[in-house]
Amino acid sequence: MFSEHNKLFTIGQFAAIHGITKKTLMWYDEIGLLKPAVVGENGYRYYTYFQSPTLETILMLRELNVSIPEIQTFLSNRSAENMEQLLRGKITELNHTISNLKSIRQALVSRHQDMSTILNIDLASICIIEQKKSYLVTVPTNENASAETEIESMINKTKQYQLHHLHDAAYGSMIPVESLYRGDFQNYSALYFELPTPISKRGLHTKPAGKYLRAFCKGSWDKLPGRYKEILDYADKQGFSLTGYSYETGINETVIDNFNDYITQIEIPIKLE
């Protein structure tokens with residue numbers, strides 16, 4: 001048994017035992033990660049049984065996406081404590097990556113839904129849908145503030161909530177339903193963007209779950225008042241009232257060149273009797 005443990009393996013044999021290529025072992029040698037136990041006069045590399053645990057450790061850490069410099073640092077001072085710290089750090093990094101991927105997936109799903117909606121909507125229709133509760137970051141509007149100032153405020157809010165860009169979240173504007181009933185179709189109260197997975201709900205606007213009236217308006221924003229009149233007339237004929245806020249969202253701005261093709265999605269909660 002002792003003689004077997006001290007047997008020298010060629011680079012090809014050692015690579016085959018561990019399921020890797022000779023090229024990988026040669027690279028590990030070149031960067032000083034795992035040098036052969038013996039280099040013959042002919043330049044051939046030879047490895048021993050006792051180097052297997054070190055190589056398996058390297059391969060395991062590489063599968064866990066640990067960088068070469070990090071592995072080199074660990075191998076220079078191998079211990080359970082250092083391995084625990086290394087793996088804990090990688091878990092933290094992975095959790096951050098997973099969180100980012102979830103945000104990306106949510107954005108992809110949302111954009112895909114928008115495109116599917118655009119391809120299938122009847123712009124003249126008004127329908128009733130069911131919505132889940134969601135949470136919005138809002139920026140109050142001010143008739144005396146310029147558009148540039150309000151956009152800058154929105155951008156600052158995205159940074160505050162650690163969004164990379166405004167387009168990373170669904171965004172739009174809000175107008176109180178009571179203003180619509182008064183015929184004041186320009187009384188916007190806030191701009192907003194949605195947080196898919198808020199860490200804290202404090203200070204956020206809750207868009208309630210429940211039934212919503214949904215409609216669309218194609219064209220520039222000066223067409224919205226006329227569309228709101230049609231919406232209010234529809235609700236009256238159906239015998240229900242609207243409540244809260246109207247949430248407006250542009251759903252096709254990324255795929256149009258002419259503002260006359262702009263589509264605004266309008267969603268308004270239906271008041272429960």
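Position 1 is the first residue of the sequence, and the numbers go up from there.
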* Asked: Roughly how far, to the nearest 0.5 Å, is OG1 of T264 from CZ of R227?
  -> 11.0 Å
* Gap separating the CG atom of L136 from the OH atom of Y192, nearest 0.5 angstrom -> 6.5 Å
* Measure the spacing between CZ of F240 and CD1 of I270 and express it to the nearest 0.5 Å. => 4.0 Å
* S220: partners by side-chain hydrogen bond (donor to acceptor under 3.5 Å, both in side chains), with sequence neighbours left out -> D222
* Structure fact -> Sorted by chain and residue number, the side chain to side chain contact (heavy atoms under 4.5 Å, CB included) partners of L64 (sequence neighbours excluded) come out as M60, V66, L87
* Asked: With distance as the sole criterion, is a donor-acceptor pair present between the side chains of T54 and T57 under 3.5 Å?
  -> no
* Asked: Is there a side-chain contact between Y44 and V39, using heavy atoms and a 4.5 Å cut-off?
  -> no
* **Heavy-atom side-chain proximity of Y247 to I266 below 4.5 angstrom** => no
* **S241 side chain to Y181 side chain, donor-acceptor N/O pair below 3.5 angstrom** => no
* Measure across S246 and Y228 and return the closest heavy-atom pair with its distance rounded to 0.1 Å. => OG-OH, 2.7 Å
* To do: For the residue pair Q51 and F9, establish whether any side-chain heavy-atom pair is separated by less than 4.5 Å.
  => no
* Could you state the interatomic distance from CG (L224) to OG (S173), rounded to the nearest 0.5 Å? -> 8.0 Å
* **Min side-chain heavy-atom separation Q85-N82 under 4.5 Å** => yes
* **side chain to side chain contact (heavy atoms under 4.5 Å, CB included) partners for K218, two or more places apart** => L123, D261, I263
* Asked: Taking C-beta and beyond as the side chain, do T48 and K7 meet within less than 4.5 Å on heavy atoms?
  -> no
* Looking at side-chain heavy atoms only, is the closest gap between L34 and L25 below 4.5 Å? -> yes
* **Residues forming a salt bridge (Lys or Arg N to Asp or Glu O under 4.0 Å) with E253, sequence neighbours excluded** => none
* Note, T10 side chain near Y46 side chain (heavy atom, < 4.5 Å) -> yes
* How far does CD of E248 sit from CE of M174, to the nearest 0.5 angstrom? -> 11.0 Å
* Should T117 and F216 be marked as a side-chain contact (heavy atoms from CB on, under 4.5 Å) after you check the CA-CA gap, both sets of side-chain angles, and the distance that decides it? -> CA-CA 11 Å; T117 298; F216 301 92; 3.8 Å; yes
* **side-chain contact (heavy atoms from CB on, under 4.5 Å) evaluation trace for I11 with Y47** => CA-CA 7 Å; I11 189 171; Y47 296 81; 4.0 Å; yes
* Partners of Q265 by side-chain hydrogen bond (donor to acceptor under 3.5 Å, both in side chains), sequence neighbours excluded? -> E267
* Classify the side-chain pair D184/S179 by whether it contains a donor and acceptor separated by less than 3.5 Å. => no
* Structure fact -> Contacts satisfying salt bridge (Lys or Arg N to Asp or Glu O under 4.0 Å) that involve residues 66-80 (not counting sequence neighbours) are E70-K90
* Structure fact -> From the list N187, I231, L242, I268, side chain to side chain contact (heavy atoms under 4.5 Å, CB included) with L180 holds only for I268
* **Pair listing, ring pair (Phe, Tyr, Trp, His ring centres under 6.0 Å) test, anchored in residues 16-36, at least two apart** => F14-H18
* To do: Go through the steps for R214 and I126 under the test side-chain contact (heavy atoms from CB on, under 4.5 Å), then give the verdict.
  => CA-CA 6 Å; R214 173 186 280 176; I126 299 175; over 6 Å; no
* Asked: So T24 and T21, side chain to side chain donor-acceptor pair (under 3.5 Å) or not? Walk me through it.
  -> CA-CA 5 Å; T24 298; T21 65; 3.0 Å; yes
* Looking at side-chain heavy atoms only, is the closest gap between L55 and I20 below 4.5 Å? -> yes
* Contacts of type side-chain hydrogen bond (donor to acceptor under 3.5 Å, both in side chains), residue Y212, not counting sequence neighbours -> none
* Do K229 and D233 sit within salt-bridge range, that is, some charged N less than 4.0 Å from a carboxylate O? -> no
* Structure fact -> A16 meets the side chain to side chain contact (heavy atoms under 4.5 Å, CB included) criterion, sequence neighbours left out, with none
* Can you sort out the partners of S125 under side chain to side chain contact (heavy atoms under 4.5 Å, CB included), two or more places apart, ordered by chain and number? => D122
* Residue pairs fulfilling salt bridge (Lys or Arg N to Asp or Glu O under 4.0 Å) with at least one residue in residues 45-69, sequence neighbours excluded -> D29-R45
* Residues two or more places apart in sequence or in another chain: which of them pass side-chain hydrogen bond (donor to acceptor under 3.5 Å, both in side chains) with K22? -> none
